[in-house]
Amino acid sequence: MSASALFRTACTGRAGLPAMARHSKALGLLPSIQAALFSGSGSAPRKKVMFPGALTSEYTHDLRFASSVESIPTYQVMDTDGRVLDAANEPHMSKEEARNIYKNMLILNAMDQILYEAQRQGRISFYMTSFGEEALIGSAAALDSKDHVFGQYREAGVLLQRGFTLEQFMNQCYSNEKDLGKGRQMPIHYGSKELHFQTISSPLATQIPQAAGAAYAMRREGSKQCAICYFGEGAASEGDFHAGLNMAATLGCPVIFYCRNNGYAISTPSIEQYRGDGIASRGIGYGIDTIRVDGNDIWAIYSATKAARKIAVEQNKPVLIEAMTYRVSHHSTSDDSSAYRSTKEVEDWSKRDNPISRMRAWLEGKGWWTKSEDAEVTKAAKADVLRAFAAAETLKKPSIRHLFEDVYDQLPPELERERAEIEGLIRKYPDYYQVNEFAK
């Protein structure tokens, strides 16, 4: 009896459809995999491994441990001077769309400069900039407006491209009465139901399995939308990364995992984070379609995200994008990056490969932008940011009643008692609790 017949008999025990085949059908295994497992007993001997845990493997007689595979290449559309290297990769983008993307890069840069200084002055409690990573906006331009976004904390450019206003950015950073999050989050933890942007949370990588779950729900609904999940290479060291990717791969979830590999996580150089071929190789390990791109090339990001979305939505499959970039800024206002890298290294990177300069050079090469416009747009952007900043600073803090809302449909007795107690204390000691600083 052949090995395949023995395997089939062990699975069945009786004549008829093998139990293993029935199980594979229930799991939705691909026909090619079923064929490899359950072909007739008269088939010729194979070199392919027949164990269900490694169906694409082949037998070998060499005792050899695998320690490396061919490095995954990095997709690039334009060089550091903004020249498209292959005419076939020229982006199909109108002049108006391209100019708008570049303007958002300049606005993001201006907002980061002002809010970073505001934190240093003690006017807001915390901030994180996107210096050196502004090309991320290209991924937002490739999405459908109804696709759901799960961010980490350096995706302000994605929100800006989706239509989040400067006033909304400022209100959130000030946690004032117009803050969509009602003052419950620290600065830069944005969220927008209208723009399908899930509220950011501080713990690393929690958004990864959440994105996989949301994408699975989209598949079941047949919505033809996808989720995109942003995270850094440091977050890929968390357990949630592995759980989220494996869940998405095995369940067939239409989700794009977008890793911003900026080289330093919070404060740890990548060479001390991992020994494998970046984060992209992990996607291959989970059976996920994977691409590595130049993360400072906005058109490489745009093209890769657009192609990834097509795969996710049409094939109900997850995709992993690893965008190789460099964090020019400190990790946050709580970080001093000079403790783990030299100032000269940062300066050299800023001069050698700046995503804003690359995009501007591409626009100028097409005759769609002039150098004089750069100063005009930057000046106007700073004025708009300062105007929104000043308005947000004058608004009151959110109403104290929000402490008890949006969790329970009907407040339980214990919280009713606590609310009554707080209201009584506020009435008794209004000056101590500075009630006039809060909205009614």
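Note that these values count all heavy atoms, side chains included, but never hydrogens, waters or copies made by symmetry.
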Whether [Y] and [X] form a salt bridge (side-chain N of Lys/Arg under 4.0 Å from carboxylate O of Asp/Glu) is what I want to check.
| X | Y | answer |
| --- | --- | --- |
| Asp348 | Arg352 | no |
| Arg387 | Glu167 | no |
| Glu345 | Arg341 | no |
| Asp81 | Arg83 | yes |
| Asp147 | Arg309 | yes |

With side chains defined as the heavy atoms from C-beta onward, is the minimum distance between [X] and [Y] less than 4.5 Å?
| X | Y | value |
| --- | --- | --- |
| Leu108 | Ile137 | yes |
| Trp299 | Met93 | yes |
| Phe404 | Glu416 | no |
| Leu143 | Ile228 | yes |
| Gln273 | Tyr264 | no |
| Pro254 | Lys317 | no |
| Phe126 | Ser332 | yes |
| Tyr326 | Asp353 | no |

In residues 110-118, what donor-acceptor pairs under 3.5 Å come from side-chain atoms, sequence neighbours left out?
from: Asp112; atom 1: OD1; to: Tyr127; atom 2: OH; distance (Å): 2.6
from: Asp112; atom 1: OD2; to: Ser130; atom 2: N; distance (Å): 2.7
from: Gln113; atom 1: NE2; to: Asn109; atom 2: OD1; distance (Å): 2.7
from: Tyr116; atom 1: OH; to: Arg120; atom 2: NH2; distance (Å): 3.0

Practice task
Could you walk me through whether Val49 and Leu55 pass side chain to side chain contact (heavy atoms under 4.5 Å, CB included), step by step?
Solution key: CA-CA 6 Å; Val49 169; Leu55 292 167; over 6 Å; no

Show me the side-chain donor-acceptor pairs of residues 69-76 shorter than 3.5 Å, one per line, residues at least two apart or across chains.
from: Ser71; atom 1: OG; to: Asp277; atom 2: OD1; distance (Å): 3.3
from: Ser71; atom 1: OG; to: Asp277; atom 2: OD2; distance (Å): 3.4
from: Gln76; atom 1: NE2; to: Asp294; atom 2: OD2; distance (Å): 2.9

What pairs of donor and acceptor atoms, side-chain ones from residues 359-368 against any protein atom, are under 3.5 angstrom apart with sequence neighbours left out?
from: Arg360; atom 1: NH1; to: Tyr102; atom 2: OH; distance (Å): 3.1
from: Arg360; atom 1: NH1; to: Asp374; atom 2: OD2; distance (Å): 3.1
from: Trp362; atom 1: NE1; to: Glu90; atom 2: OE2; distance (Å): 3.1

Practice task
Applying ring pair (Phe, Tyr, Trp, His ring centres under 6.0 Å), name anything that partners His331, two or more places apart in sequence or on another chain.
Solution key: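 With neighbours one apart ignored, the set is Tyr153.
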
Practice task
Just jot down the ring pair (Phe, Tyr, Trp, His ring centres under 6.0 Å) partners of Phe169, sequence neighbours excluded, or say none.
Solution key: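 Phe169 satisfies ring pair (Phe, Tyr, Trp, His ring centres under 6.0 Å) with Phe164, Tyr190 once adjacent residues are dropped.
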
Nearest non-hydrogen partners of [X] and [Y], listed with the distance:
| X | Y | answer |
| --- | --- | --- |
| Phe389 | Met170 | N-CG, 3.7 Å |
| Leu180 | Gln168 | CD1-NE2, 3.9 Å |
| Pro398 | Ser175 | CD-O, 3.0 Å |
| Phe257 | Pro318 | CE1-CB, 4.1 Å |
| Ala308 | Ile321 | CB-CD1, 4.0 Å |
| Asn171 | Ala392 | OD1-CB, 3.5 Å |

Practice task
Take Leu415 and Tyr408 through the test side chain to side chain contact (heavy atoms under 4.5 Å, CB included) and record every step on the way to the result.
Solution key: CA-CA 10 Å; Leu415 284 182; Tyr408 296 97; 3.7 Å; yes

Check residues 192-199 and write down every donor-acceptor pair under 3.5 Å in which the side-chain atom is one partner and the other belongs to a residue at least two apart or another chain.
from: Ser192; atom 1: OG; to: Leu195; atom 2: N; distance (Å): 3.1
from: Gln198; atom 1: NE2; to: His148; atom 2: ND1; distance (Å): 3.4

Within the side chain of [X], is there an N or O that forms a donor-acceptor pair under 3.5 Å with the backbone of [Y]?
| X | Y | result |
| --- | --- | --- |
| Gln161 | Asn104 | no |
| Gln210 | Phe150 | no |
| Gln225 | Ala215 | no |

Practice task
In sequence, state the C-alpha distance, the side-chain angles, and the governing distance for Glu97 and Ser94, and then conclude on side chain to side chain donor-acceptor pair (under 3.5 Å).
Solution key: CA-CA 5 Å; Glu97 289 172 322; Ser94 71; 3.1 Å; yes

Handout entry: Residue pairs, two or more places apart or on separate chains, that pass side-chain hydrogen bond (donor to acceptor under 3.5 Å, both in side chains) and touch residues 237-247
Key =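 Every pair satisfying side-chain hydrogen bond (donor to acceptor under 3.5 Å, both in side chains) with a residue in residues 237-247: His242-Tyr286.
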
Exercise for the section: Give every residue pair that meets the side-chain hydrogen bond (donor to acceptor under 3.5 Å, both in side chains) criterion with at least one member in residues 421-431, sequence neighbours excluded. Expected result: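 Counting only pairs at least two positions apart or across chains, the side-chain hydrogen bond (donor to acceptor under 3.5 Å, both in side chains) contacts touching residues 421-431 are Arg417-Glu421.
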
Handout entry: Residue pair Tyr258, Ser139: steps toward the side chain to side chain contact (heavy atoms under 4.5 Å, CB included) verdict
Key = CA-CA 9 Å; Tyr258 188 106; Ser139 65; 3.9 Å; yes

Practice task
Please check if atom CD in Glu58 has more than 12 non-hydrogen atoms from other residues, nucleotides or ligands closer than 6.0 Å.
Solution key: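 Count over threshold, so yes.
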
Handout entry: Lys396 atom NZ, neighbour heavy-atom count above 12 within 6.0 Å
Key =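 Yes, NZ of Lys396 has more than 12 neighbouring heavy atoms, counting only those of other groups under 6.0 Å.
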
If I take atom [atom1] from residue [X] and atom [atom2] from residue [Y], how far apart are they, to the nearest 0.5 angstrom?
| X | Y | atom1 | atom2 | value |
| --- | --- | --- | --- | --- |
| Ile256 | Ile311 | CD1 | CD1 | 9.0 Å |
| Leu136 | Ile301 | CG | CD1 | 6.5 Å |
| Ile101 | Lys103 | CD1 | NZ | 12.5 Å |
| Leu166 | Leu160 | CG | CG | 6.5 Å |
| Cys229 | Gln207 | SG | CD | 4.5 Å |
| Asn296 | Asn354 | CG | CG | 8.0 Å |

Exercise for the section: Could you tell me whether the side chains of Ser337 and Asp335 share a donor-acceptor contact shorter than 3.5 Å? Expected result: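 Asp335 and Ser337 do not have a side-chain donor-acceptor pair below 3.5 Å.
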
Handout entry: Verdict with supporting geometry, Glu322 and Ile291, side chain to side chain contact (heavy atoms under 4.5 Å, CB included)
Key = CA-CA 6 Å; Glu322 181 182 23; Ile291 189 170; over 6 Å; no

Handout entry: With sequence neighbours excluded, residues passing side chain to side chain donor-acceptor pair (under 3.5 Å) with Ser201
Key =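 Result, side chain to side chain donor-acceptor pair (under 3.5 Å) vs Ser201: Thr206.
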
Practice task
List in chain and number order the residues that pass side chain to side chain contact (heavy atoms under 4.5 Å, CB included) with Arg184, two or more places apart in sequence or in another chain; answer none if no residue qualifies.
Solution key: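 Per chain and number, Arg184 pairs via side chain to side chain contact (heavy atoms under 4.5 Å, CB included) with Lys182, His402, Glu405, Asp406.
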
Problem - Qualifying salt bridge (charged side-chain N to carboxylate O under 4.0 Å, His left out) pairs with a residue from residues 128-137, counting only residues at least two apart or across chains - result: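 For residues 128-137, and leaving out neighbouring residues, the salt bridge (charged side-chain N to carboxylate O under 4.0 Å, His left out) pairs sorted by first residue read Glu133-Arg154, Glu133-Arg260.
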
Handout entry: Counterpart residues, salt bridge (charged side-chain N to carboxylate O under 4.0 Å, His left out), relative to Arg162 (two or more places apart)
Key =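 Salt bridge (charged side-chain N to carboxylate O under 4.0 Å, His left out) list for Arg162, sorted by chain: empty.
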
